[in-house]
Amino acid sequence: DTHPHVHMVIYSTDPKEGYFTKTGIRQLKSALANDIFRPEMLEYYSQKTEQRDELNLRAQDAMKELIEQMETGTMENEKIELLICELSEALKSVSGKKQYGYLSPKLKSIVDEITNELAKDTRVAEAYKLWNEMQNAVINIYTDNLPEPLPLSQQKEFKTVRNMIIREALALPELQVHPDLASKEELESDNSVPQVEPAVLVNTQQPRKISYTPQSNAALSISAATRL
């Protein structure tokens with residue numbers, strides 16, 4: 001069981017020329033490994049693709065379930081509810097392509113937070129764990145120094161998840177959000193806001209009708225767009 005390896009020395013006699021960074025060295029090792037171990041790498045990449053597709057499906061299922069919980073008033077995760085409402089309202093004023101790569105840094109940050117909340121779902125977490133295992137198998141071909149797993153929101157190969165979140169937020173009905181789902185800063189700035197029951201979406205579009213009965217006359221409608 002031999003393991004082919006290569007010793008390389010790269011240098012320049014011109015001091016004005018650049019040098020190899022750690023990233024450049026890692027990319028060179030990856031290129032060599034893909035060439036030397038092509039059959040093995042193809043198998044690894046095939047399994048990575050399967051796990052990536054599985055994660056995309058599980059994330060979409062989790063997102064749709066969250067939307068249903070918001071519509072029926074059964075949502076228990078107030079943080080992600082507020083984030084989804086905030087994103088939905090903010091996207092209404094966005095012109096041009098409503099895709100992750102074209103959004104402002106603030107909106108990208110909201111999408112990233114929602115992505116990381118979705119990653120806590122057991123189905124998504126398991127799929128991401130398996131994907132990382134395949135990713136490490138590929139990296140381990142040319143180095144023993146495996147990187148720490150990135151948060152799902154920072155993993156470039158899962159832009160599909162972030163764009164799915166944007167599509168679902170765009171498809172939401174008109175929203176009315178109670179004050180207890182306002183941002184922490186807003187609540188601290190107005191101590192007179194009473195505590196009320198968790199938010200329930202109000203769908204003003206036909207034929208679906210969703211209503212709620214607040215327990216306080218002081219319930220407010222908060223537009224998340226104003227907080228951007």
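- For residues 154-166, the salt bridge (charged side-chain N to carboxylate O under 4.0 Å, His left out) pairs, not counting sequence neighbours, are Lys48-Glu157.
- Between the CD atom of Glu126 and the CG atom of Leu130 there is a distance of 4.5 Å, given to the nearest 0.5 Å.
- Between Glu89 and Lys92, at least one side-chain N (NZ, or NE/NH1/NH2) sits under 4.0 Å from a carboxylate O, which counts as a salt bridge.
- The shortest heavy-atom contact between Leu87 and Ile110 is CB-CG2, 3.9 Å.
- To the nearest 0.5 angstrom, Ile84 atom CD1 is 4.5 Å from Ile67 atom CD1.
- In terms of heavy atoms, Ala62 sits closest to Val124 at CB-CG2, 4.4 Å.
- Pairs of residues two or more places apart, or lying in two chains, never qualify as ring-ring contact (aromatic ring centres under 6.0 Å, His included) while including a residue from residues 73-116.
- Residues passing the side chain to side chain donor-acceptor pair (under 3.5 Å) test with Lys129, sequence neighbours excluded: none.
- Residues Phe158 and Leu150 are members of one and the same hydrophobic cluster, defined by side-chain heavy-atom contacts under 4.5 angstrom among Ile, Leu, Val, Met, Phe, Trp and Tyr.
- Distance check: Gln60 CD to Thr160 OG1 gives 10.5 Å after rounding to the nearest 0.5 Å.
- Partners of Asn132 under the side chain to side chain donor-acceptor pair (under 3.5 Å) rule, at least two apart in sequence or in another chain, do not exist in this structure.
- Exactly one of Lys108, Lys79, Glu86 qualifies for a side chain to side chain contact (heavy atoms under 4.5 Å, CB included) with Glu113. That residue is Lys79.
- Using modelled atom types and a 3.5 Å distance limit, the side chains of Glu43 and Gln47 yield a donor-acceptor pair.
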Exercise for review: For the pair Asn77 and Gln69, evaluate side chain to side chain contact (heavy atoms under 4.5 Å, CB included) and give the outcome as yes or no after the intermediate values.
Suggested key: CA-CA 10 Å; Asn77 188 335; Gln69 291 172 16; over 6 Å; no
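- Annotation: the span from Ser153 atom OG to Glu117 atom CD amounts to 10.5 Å, rounded to 0.5 Å.
- A distance of 8.0 Å separates CG in Asn140 from OH in Tyr44, rounded to the nearest 0.5 Å.
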For residues 50-57, run the donor-acceptor check on the side chains, cut-off 3.5 Å, and write out each pair with its distance to 0.1 Å, sequence neighbours left out.
residue, atom, partner, partner atom, Å
Glu54, OE2, Arg58, NH1, 2.5
Asn56, ND2, Arg52, O, 3.4

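- Within the 4.5 Å cutoff, side-chain heavy atoms of Ile80 are placed close to those of Met75.
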Practice item. Please test Leu103 against Val111 for side chain to side chain contact (heavy atoms under 4.5 Å, CB included), starting from the C-alpha separation and ending with a verdict. Key: CA-CA 10 Å; Leu103 298 183; Val111 176; 4.1 Å; yes
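- The structure places CG of Asp61 at 11.0 Å from CG of Leu66, a figure rounded to the nearest 0.5 Å.
- Among residues two or more places apart in sequence or in another chain, the side chain to side chain donor-acceptor pair (under 3.5 Å) test is passed with Asn163 by none.
- Residues Ser88 and Ala169 come closest through the heavy atom pair OG-O, 3.0 Å.
- In this structure, Cys85 and Met70 have side chains that are in contact, with non-hydrogen atoms separated by less than 4.5 Å.
- Summarising the geometry of Ala119 relative to Ala125, their closest heavy-atom pair is O-CB, 3.4 Å, with the distance given to 0.1 Å.
- Put simply, the side chain of Thr49 gets close to the backbone of Tyr45: a donor and an acceptor are under 3.5 Å apart.
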